[in-house]
There are 2 protein chains.
Amino acid sequence: MITSRNSGSDASPEPDAVWPLSGATEPGPPTAVPSVVGVADLRATNAAAVLAVVRSADPHPRLSELARATSLSRPTVEAITEELADSGLIEAAPTPSARGQRSPGRPARRFRFRPHAGFVVGVDVRPRSVTACLADLDSEPVAVERRAVRADLSGPARAQAVTSAIQATLDLAEVSASQVWAATLGTPGLVDRGNTRVRQADNLRTWTEVDIVGVLRDLLGCPVAVENDANLAALGEQWRGAGGTAPDPSTGEMVFVLLGERLGSGVITGGRLLRGHHGAAGEIGFIHFSGDGRRDRPGLDPLPADTIRAAAAADPDAVAAIEVYGRRLADGLAPVLLALDPALVVLGTGLFPDPAGLPAAEILRTAAQHHADGLLVDPPRWQLSALGDDAVLTGAVRFALSSVEVVLRTRPTSLNT
Amino acid sequence: MITSRNSGSDASPEPDAVWPLSGATEPGPPTAVPSVVGVADLRATNAAAVLAVVRSADPHPRLSELARATSLSRPTVEAITEELADSGLIEAAPTPSARGQRSPGRPARRFRFRPHAGFVVGVDVRPRSVTACLADLDSEPVAVERRAVRADLSGPARAQAVTSAIQATLDLAEVSASQVWAATLGTPGLVDRGNTRVRQADNLRTWTEVDIVGVLRDLLGCPVAVENDANLAALGEQWRGAGGTAPDPSTGEMVFVLLGERLGSGVITGGRLLRGHHGAAGEIGFIHFSGDGRRDRPGLDPLPADTIRAAAAADPDAVAAIEVYGRRLADGLAPVLLALDPALVVLGTGLFPDPAGLPAAEILRTAAQHHADGLLVDPPRWQLSALGDDAVLTGAVRFALSSVEVVLRTRPTSLNT
DNA sequence: CCGATTATGAAACGCAACTGCTTTATTAAA
DNA sequence: TTTAATAAAGCAGTTGCGTTTCATAATCGG
């Protein structure tokens, strides 16, 4: 095992002061004194590079391929693969036995990533439901558990529902809490900047009084974070490339709009979530939308369910109503889009639960995009959510995973406990 | 000299694939394969750490202090200081001869940063003027040169004014072009994402047709970037802590509003400039402000100069007009502020050139802040620009400097050409 | 002038990575 | 079945950086 000079407390909810390996191109935040490195950190860094190649290469790579891809020497990658195998993060893969594909010479060992070396938990808390998802290191769900709850459930009872749902996923997948490396909980309302507390959630009674992060940390013994649901949904869409399976670079500059009971949004710029000073970025529900029924109050009333259904059935009045709604949305969003210059706006279909509503959502999207095109300098693309109802849950898993991956990128071999 | 395995082309305008040492806390952008490191990179990184301490320590540090501050061993920092001294980035400092402060024992060598080891150039291009600033590595100006030009000047002639102003600063300071490490030019209008071209600048004739980056690179032989003026002003304000000399953490989440002929803004989130997908982030000049004279066209007409003067003289009508203007501004900005959740809004006083206008600016600020407070969830502080007319120029210097500091943070010793 | 104190210098060690060579396992041809 | 070709795996030996440890040099207070 490698111990790093920079090793902070690994149980901290924020993986702080680690070394991002990705290249930030332009002016970054002003830094304090940069960290120093010792020889031991080399191993950790290079192990991360090897691990990344093993994860992405297809078919399973051989040592020589790893050496070429990382530009490390073969003896070095060999030593690294041994360490990674010891830590359980990779394992030997069977050599492909297809007759024609085999090359002459001594057959090479091949390596593959072990996604089940660890797990993460994502939770989606809504007024009427609590859903927990246990996912492996490839963010593949291994167990999902949903609890229907009453909207007026008290905070502690809701927390109880969360822990019980999580515990159920663990039991279902026969995974112990110690195998969980991180957890993230998505919630409506505002979250503090450190992702440790729910600051405000007007439709969830006494929910802010619960120290849900503490509860989950006691349950799982790993870093836990809370985050706004729209923000997580944005992350989820980013992961899925917002529509395709292929990663889409335009998701690095994206605005996700969650059309729920209250309007919310998640903003991604430079590939990362925009959180703001108080963690309240994206709270577009308080915008004064023009022409909305409630003239004096901010916000945009949600579309009635029957209008959506009627529009899906091509009722002209309902279609017109949705088009008006889309234009209002675009109108209110225009200043935000001007300020952010996103490549993409993704409309979360939380408001259009079943597939029947999809045609209506498409009408809304078209109307909004068309109207926005006339208002903006560099109009973004508008898309419907690719994940639908699962966006928040997926995003929670991604959030948890990304905090783990920061560590994987720096000292993966120190994780084998 | 140290050669790094990761050495890219140092003359590239974007310092790509270098190692940011600052800790990015939460989910970062999805990365390709991380870079690997060799032993040589250790030296570069640790040298950067030592350099940073030398720059920030006061009084000039001794070897043992450097060792303590960096947690490196004394022999290591000694070797590093030698290299840094060879490269010209630091030098021996005289020992303080004050009788009382001297400690017993052999007197220690002390080291200090040499800001004149290199220089950067910042340029502020406006319709009626071109200003160049030559600054040292502490971003201290060593020469400033201003050229008044006609607003309808052609692009090539304007470029000529730029090069001539830059050359004048070099001559004035007796600095050769080879000593300039980076240059940044601020301009109105839109800039492409790579900071290499001016995409759009409706009030500058044929300015977009000039390859100003190429021209300056030929002149200076160093990385050159162009950036929107409001964005640079935001960087400048961030550097000055937006009002104080002390660095202010709240500038990491800041919106700078440039009240010029056209409204522009620069947004800083997470300590870095928000650029957007097309580099057009912050273009709030196209927002439809309510109640403006031109109902059908977007934007907000600038305040007439005589109104400003009258308000400064406490004329009630003028004061009221400015208050209305401030409220309109806050109204139009509210969606942006909701989406970004900044800690701070800085009003650029480009519209209020002389000190006489300051009282009027203060009226505007107060009215805007008061009105915004009622519209937002987490209202930001509102401040007047601390740099005034120099904001863009200062920001250009900072932008250029930050791109060289990225290098200084990674392989400072490879710079001694 | 002497001891206390602090900085500097030099040698030896550990660790990670690299180069170059030998050995091993396999396929294809004789 | 043997043999040559080929590619992987194993095994020193070297280099570079950082660290520890010990010895030496310079200065101050008495």
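These numbers were taken from a predicted model, which means no experiment stands behind them. The chains referred to below are lettered A, B, ... by the order of the sequence lines, with proteins before strands, and numbering in each begins at 1.
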> Taking atom C1' of D:dG18 as reference, at what distance in whole Å does atom CG of B:L72 sit?
Replying inline: 8 Å
> With B:P141, which residues qualify under side chain to side chain contact (heavy atoms under 4.5 Å, CB included), at least two apart?
Replying inline: B:C133, B:V144
>> Expressed as a whole number of angstroms, how long is the span from A:L66:CG to D:dA8:P?
In response: 12 Å
> Is there a side chain to side chain contact (heavy atoms under 4.5 Å, CB included) between A:Q238 and A:R398 once you walk through the steps?
Replying inline: CA-CA 10 Å; A:Q238 181 189 28; A:R398 290 305 307 172; over 6 Å; no
>> Nearest whole Å is fine: how far is C:dC18 C1' from A:N46 CG?
In response: 12 Å
> Rounded to the nearest Å, what distance is computed from the CG atom of residue A:D41 to the C1' atom of nucleotide D:dT19?
Replying inline: 14 Å
> Do A:L137 and A:E405 come close enough that some side-chain heavy atom pair is under 4.5 Å?
Replying inline: no
>> With a 4.5 Å cut-off on side-chain heavy atoms, are B:L273 and B:E227 touching?
In response: yes
> What string of B, S and - do you get for nucleotides 8-13 of chain C 5' to 3' if you count protein non-hydrogen atoms under 4.0 Å?
Replying inline: BB----
>> Closest approach to the side chain of A:S73, judged atom by atom: which nucleotide of D:dG16, C:dA17, C:dC18 is it?
In response: C:dC18
> When you check the gap from the basic side-chain N to the acidic O, do B:R55 and B:D138 get nearer than 4.0 Å?
Replying inline: yes
> Roughly how many Å is it from CD1 in B:I80 to P in D:dG16, rounded to a whole number?
Replying inline: 16 Å
> Atom CG of A:L42 to atom P of C:dG14: distance rounded to whole Å?
Replying inline: 18 Å
> Hey, does B:L72 have a side-chain heavy atom less than 4.5 Å from the side chain of B:I80?
Replying inline: yes
>> Distance check needed: D:dT15 P versus B:R43 CZ, whole Å only.
In response: 18 Å
